[in-house]
Amino acid sequence: MWPCTVKVSPRVIYNKGVKQPRIVIIGHACIDTNISEHTTYEGWGSSVLYISRYYQRYEQLDPIIITSYGADLLKYLPQVRLLPGAPNRSKTLQYENDSSSGKRTQRCFNATESAPPDLTPAMRTALQGADIVIVATLLPNYTAEYVAAALALVPARSLKVLCPQGYFRAVGGDGAVTPIDFGEAPAIIPLVDVVIYSEEDHPQAFARAQAWAEMADTSVVVTQGDHGASLMRKGVSVVTVPTTPIAPEDIIDSVGCGDTFAATLALTYYRVGDMASAIEAANSTAGAKLKAAIPIRE
């Protein structure tokens, strides 16, 4: 089926298929204006919300999201579990995403309003009971100290996943988003079990992934569009898990595709403990999202 597979032992033995896991997602929520292949719309956005909605609609799970947001998000917000339960900022982070040409460009606004929330007792309780924690950023202002403090509350046996796309972004005065290095990678990556990001997130995505995989007991997965995804792990050759390419005319909406991939990979890995199988499942789900076969937005 695949040219090769690899069974990557996690740091702990997860509960494979025994129960529905308790999931906490930490990161930025935002309002999006999305101009994609065949549609344009404004509404809620961000990895934390796409991942949560995917789990709600297709996995019968109801994650808790830890984020900062303003009252301007409320008119767009789906039924999700947010902490804090009321807006804690005057405005919500906003992104303009244009993928209509086949290559995504972005502009960002209200970045100064997007600092992570202080960890309240309710947030601490949620983290202490989590089976899976996903950190998914849109900007690099979730510091290593903040991530370390949050993950220190999580049980040692829990699966910890990082979606670091925000750490690769700088925002200019005009809102233009440009790539930067993930400067805090040496401090943050050893805190998690799995890192997932796209080859489009940084010009040297693969070189960075290989270096990070060697620095810690962490699996690093880089998605490659039509070519599937590659897994890097300390002391193991790169494993590429291919996917079935989708014709451009069949792509309805690519926004949230990477988030769907990450959500599926994290949950499948938690359940079966095999990274190649998790990537295979994630490729399939991401393909279905591209064709709108599994709509996430209402």
Applying a strict under-4.5 Å side-chain criterion to I, L, V, M, F, W and Y, I'd like to know whether [X] and [Y] cluster together.
X: Ile31; Y: Leu139; answer: no
X: Ile132; Y: Leu82; answer: yes
X: Ile51; Y: Leu93; answer: no
X: Ile180; Y: Phe206; answer: no
X: Met123; Y: Leu153; answer: yes

What's the spacing between [X] [atom1] and [Y] [atom2] if we round to 0.5 Å?
X: Leu119; Y: Ile66; atom1: CG; atom2: CD1; result: 6.5 Å
X: Thr223; Y: Glu199; atom1: OG1; atom2: CD; result: 7.0 Å
X: Ser219; Y: Asp217; atom1: OG; atom2: CG; result: 7.5 Å
X: Thr268; Y: Met275; atom1: OG1; atom2: CE; result: 10.0 Å
X: Asn283; Y: Phe261; atom1: CG; atom2: CZ; result: 5.0 Å
X: Ile23; Y: Gln56; atom1: CD1; atom2: CD; result: 10.5 Å

Are side-chain heavy atoms of [X] and [Y] found at a separation under 4.5 Å?
X: Thr137; Y: His28; result: yes
X: Val241; Y: Leu231; result: no
X: Ile26; Y: Leu127; result: yes
X: Gln210; Y: Gln204; result: no
X: Phe109; Y: Lys91; result: no
X: Ile279; Y: Leu265; result: yes
X: Val177; Y: Tyr95; result: yes
X: Gln224; Y: Thr240; result: yes

With distance as the sole test, does [X] use its side chain to make a donor-acceptor pair with the main-chain N or O of [Y] at under 3.5 Å?
X: Tyr146; Y: Pro117; value: yes
X: Arg89; Y: Ala115; value: yes
X: Thr285; Y: Thr260; value: no
X: Thr125; Y: Pro121; value: yes
X: Gln20; Y: Glu59; value: yes

Residue pair Val192, Val135: steps toward the side chain to side chain contact (heavy atoms under 4.5 Å, CB included) verdict: CA-CA 9 Å; Val192 301; Val135 179; 5.6 Å; no
Worked verdict on Tyr167 versus Tyr197 for ring-ring contact (aromatic ring centres under 6.0 Å, His included): CA-CA 11 Å; Tyr167 291 108; Tyr197 66 98; over 10 Å; no
With Gln94, the side-chain hydrogen bond (donor to acceptor under 3.5 Å, both in side chains) member among Asp72, Thr33, Asn110: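 That would be Asn110.
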Qualifying residues under salt bridge (Lys or Arg N to Asp or Glu O under 4.0 Å), relative to Arg107, sequence neighbours excluded: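 If we apply the salt bridge (Lys or Arg N to Asp or Glu O under 4.0 Å) test to Arg107, skipping adjacent residues, there are no hits.
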Salt bridge (Lys or Arg N to Asp or Glu O under 4.0 Å) against Asp181, all qualifying residues, sequence neighbours excluded: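 By the salt bridge (Lys or Arg N to Asp or Glu O under 4.0 Å) rule, Asp181 matches Arg208.
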No-hydrogen, no-angle side-chain donor-acceptor test under 3.5 Å, Glu113 and Ser68: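 Judged by distance alone, the side chains do not pair up.
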Asp201 versus Gln165, side-chain donor and acceptor atoms under 3.5 Å: no
Mutual orientation of the aromatic rings belonging to Trp212 and Phe182 [parallel < 30°, tilted 30-60°, perpendicular > 60°]: perpendicular
Verdict with reasoning, Leu83 to Thr120, per side chain to side chain contact (heavy atoms under 4.5 Å, CB included): CA-CA 9 Å; Leu83 291 176; Thr120 64; 5.6 Å; no
Side chain to side chain contact (heavy atoms under 4.5 Å, CB included) evaluation trace for Asp32 with Trp44: CA-CA 6 Å; Asp32 268 352; Trp44 59 264; over 6 Å; no
Distance-minimising heavy-atom pair for [X] and [Y]:
X: Ala29; Y: Thr67; result: N-OG1, 3.0 Å
X: Ala263; Y: Tyr54; result: CB-CD2, 3.7 Å
X: Glu214; Y: Lys234; result: O-CE, 3.2 Å
X: Val222; Y: Ala209; result: CG2-CB, 3.6 Å
X: Pro203; Y: Pro179; result: CD-CB, 4.0 Å
X: Arg233; Y: Thr218; result: NH1-C, 3.3 Å

Step-by-step side chain to side chain contact (heavy atoms under 4.5 Å, CB included) determination, Leu74 to Tyr69: CA-CA 9 Å; Leu74 298 180; Tyr69 61 103; 4.0 Å; yes
Asp174, CG atom: more than 12 neighbouring heavy atoms under 6.0 Å: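 Yes.
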